[in-house]
Visitor: 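Below is the structure I would like to discuss, written out as structure tokens.
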Amino acid sequence: MKFKLYIFLLLFSTMIFAQQKPIETSIDTTKNKIGAEFKLTLKTVVNSKSKVEFPKLKNIGPLEVIQSYPIDTVKKDDTYELIKKYGLTQFDSGRYTIPSVKILIDKKPFYSDSIKVEVANVKVDTLQQKMYDIKDISTVDEGIGNWWIYVLIALVIIGIGAFVYWYVKKRQLKKIEEEVYKTPIEKATSLLNNLEQKELVQKGEIKEYYSELTDIARNYIEEAIHIPAMESTTSELISAIRDASTKKKMTLTPETVENLERVLRQADLVKFAKSKPLEFEIKEDKNKIQKVILTLDNAIPTEVPEDIEDQLLNEAQRQKQIQAQLKKQRNARIGYAVAAIILLLFATTTFFVVTKGFNYVKDNIIGHPSKELLEGEWVKSAYGNPAVIIETPKVLKRLDAQKALPKEAMALIKEMQLFAYGSLIDNFYVTVSTSKFKQPTDIDLSKTLEGTLKIIEAQGGQNIIVKQEDFQTNEGIQGIKGYGTMTVLNPATKTSTKAYYELLLFKQDQGLQQIMILHEEGDTYANEITTRILNSVELQRANN
């Protein structure tokens, strides 16, 4: 609602708020050369108790402040005349508008008048200065060329392939270790063979070798004889084996138990006392463990199942283990396929980023909102009265402007309509407003443009730079165009964005038509949208 109210205040600011300003504005010249100084003078007369604050500015509109002069004070009877001067310059030729400057008098804001100035190019004397022909195009040594880009892509792909190969190989080894065995003796024998294939002894990893060797023996004892071997100390384990041999009627010689105890204690010394057995001792310990496991397996009495249900239960457990293994294999294949797809996508993305640039990938693969608007289906429609015929990427939505009309405006305005797409903080924003007055009204388009920019500033626009020029539609209707950049503050996120805007203003006998377009600065797609919209503008003349 505030935005709509500001629109109406804009339209009538030059008609119902005319008053004597306490600020006198002047400039030494309205025409100057590029880089030359314009001297802007602001003068106010106040009493001795008033406090006046002139702003400290780096820019005033499109002009740069190159010098902020000290305030001159002149006493006249009971009043003081304060004079503040600013030295301004511009390095681009064209016609510019110096906007109003806010001065605080006793903390109340007052505004200076806006002034139009012209910056002219420096003329070049072609008669006195000798001229030369344009030189031929010189060839440039391209150096090493772009071959390094393809080498970099190849190295990245090779590196990723090597990583995938290593990962798959590691999973295969782990799969072998986790293989489901039919009997504990089969598992222990297979693990002993795999232990030798790891060549830990040759690598000097003696502690790891003895740790795996004794774990194989303990696991076998726990699964075959049902003793908690993994949680027991060496002494507890040997005592438990002797008790089990008696209870289960296992035929074990003292030599078998002693060999197991000797290897376990040797492993304890290696793991905790950093003992280093000789190579032949390590080989003997491995042979002893292998012989102990075979002896224990032969000594365990064969248990005959009591009935067929036990056999079915064992077979069901075995089938369950097989299904679990197959599920792991299936998950592994899925993982490999996903890894291959990710690798392909990464390689493809890297190729396009290097050859086409990141913006190409972002806009065409990830997506760009302005690009989608530009390439979408456009709509040509008429808005307001007198109508503005315009082509836009989306249909403009009508806003209920009548509810925001102040009482003062009701006495002057006959009809006003407002249409918009987006908002001030969106990626792309376009508005169309039309008004029709009850009585003929002479509107100053330059002051209307100035008022519009003040409204935008109240809505969150900051550091507004404006340029002004004449504008003519394809039908020959004359108006003005204001354009430039600003910083738009998002009140929700407290962040700011640099934006570019264009404003078209047209006045007729009893009507005013206005078009505003705003988008993020540097957005090439939005620039194309803006150009296409402005080229499509057609205006309907007001009916008297």
Side-chain angles (χ1 to χ4, degrees), residues 165-232 234 237-238 241 244 250-253 255-271 275-300 302 314-315 317-329 331-333 336:
Y165 174 79
W166 170 81
Y167 179 78
V168 172
K169 194 71 175 177
K170 184 178 179 181
R171 289 293 299 270
Q172 289 176 345
L173 292 175
K174 187 175 181 181
K175 176 184 171 183
I176 294 174
E177 294 176 358
E178 295 178 352
E179 187 177 354
V180 178
Y181 301 97
K182 295 181 180 180
T183 60
I185 185 63
E186 181 181 345
K187 178 180 178 181
T189 303
S190 178
L191 293 177
L192 285 173
N193 293 333
N194 292 338
L195 179 60
E196 291 302 315
Q197 294 178 4
K198 293 182 180 181
E199 299 182 348
L200 296 177
V201 177
Q202 290 81 347
K203 297 176 183 178
E205 300 175 3
I206 307 300
K207 181 178 178 180
E208 288 77 5
Y209 179 84
Y210 269 93
S211 179
E212 291 195 28
L213 180 66
T214 54
D215 284 347
I216 293 171
R218 288 175 179 271
N219 270 311
Y220 170 78
I221 293 171
E222 191 167 286
E223 294 175 1
I225 308 178
H226 307 294
I227 296 174
M230 299 300 294
E231 304 173 0
S232 303
T234 299
L237 178 57
I238 296 302
I241 287 177
M250 298 171 57
T251 305
L252 294 177
T253 63
E255 180 183 2
T256 300
V257 179
E258 290 174 1
N259 286 338
L260 176 61
E261 183 177 8
R262 188 177 294 109
V263 176
L264 293 177
R265 295 197 182 280
Q266 178 77 291
D268 292 340
L269 292 174
V270 171
K271 290 187 288 185
S275 175
K276 293 184 179 180
L278 298 176
E279 187 174 351
F280 76 91
E281 292 177 326
I282 297 173
K283 187 175 182 179
E284 287 181 359
D285 289 341
K286 187 260 183 181
N287 293 334
K288 288 177 183 178
I289 287 295
Q290 192 170 15
K291 187 175 180 181
V292 166
I293 291 175
L294 292 173
T295 302
L296 289 174
D297 190 68
N298 293 328
I300 298 173
T302 303
N314 293 335
E315 181 64 21
Q317 292 176 346
R318 180 172 175 273
Q319 290 296 329
K320 186 176 181 180
Q321 291 176 333
I322 293 174
Q323 291 297 326
Q325 184 180 8
L326 292 175
K327 184 177 180 180
K328 289 181 179 180
Q329 293 176 351
N331 292 338
R333 289 194 296 269
Y336 301 151

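On a predicted model such as this, the values are computed, not experimentally measured, just so you know.
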Visitor: If you measure from CD1 on Ile300 to CD1 on Ile225, what distance do you get to the nearest 0.5 Å?
Guide: 4.5 Å
Visitor: When rounded to the nearest 0.5 angstrom, what is the spacing between CD1 in Ile289 and CG in Leu294?
Guide: 11.0 Å
Visitor: Any chance you could measure Met230, atom CE, to Glu223, atom CD, to the nearest 0.5 Å?
Guide: 10.0 Å
Visitor: Does a side-chain N-to-carboxylate-O contact under 4.0 Å join Glu261 and Arg265?
Guide: yes
Visitor: Would you say the side-chain atoms of Arg218 pair up with the backbone N or O of Ala229, donor to acceptor, closer than 3.5 Å?
Guide: yes
Visitor: Between Glu284 and Val263, is any pair of side-chain heavy atoms under 4.5 Å apart?
Guide: no
Visitor: Considering the options Leu260, Leu264, Val270, which one meets the side chain to side chain contact (heavy atoms under 4.5 Å, CB included) requirement together with Thr214?
Guide: Leu264
Visitor: Show which side-chain atoms of residues 200-213 pair as donor or acceptor with protein atoms under 3.5 Å away, not counting sequence neighbours.
Guide:
unit_1	atom_1	unit_2	atom_2	d
Tyr209	OH	Glu196	OE2	2.9
Tyr210	OH	Asp285	OD2	2.5
Glu212	OE1	Lys198	NZ	3.3

Visitor: Ser190 side chain to Glu186 main-chain N or O, any donor-acceptor pair under 3.5 Å?
Guide: no
Visitor: Tell me, do Ile293 and Ile221 make a side-chain contact under 4.5 Å, heavy atoms counted?
Guide: no
Visitor: Contact between Leu191 and Asn219 at the side-chain level, heavy atoms closer than 4.5 Å - yes or no?
Guide: no
Visitor: To check you understand the geometry: which heavy-atom pair defines the closest contact between Gln266 and Ser275, and what is its length?
Guide: OE1-OG, 4.3 Å
Visitor: Could you tell me which residues satisfy side chain to side chain donor-acceptor pair (under 3.5 Å) with Gln290, sequence neighbours excluded, listed by chain and number?
Guide: Lys286
Visitor: Is any side-chain heavy atom of Asn259 less than 4.5 Å from a side-chain heavy atom of Lys291?
Guide: no
Visitor: Which heavy atom of Ile185 sits nearest a heavy atom of Thr189, and at what distance?
Guide: O-OG1, 2.8 Å
Visitor: Please report the shortest heavy-atom distance between Ser232 and Leu237, naming the atom on each side.
Guide: CB-N, 4.0 Å
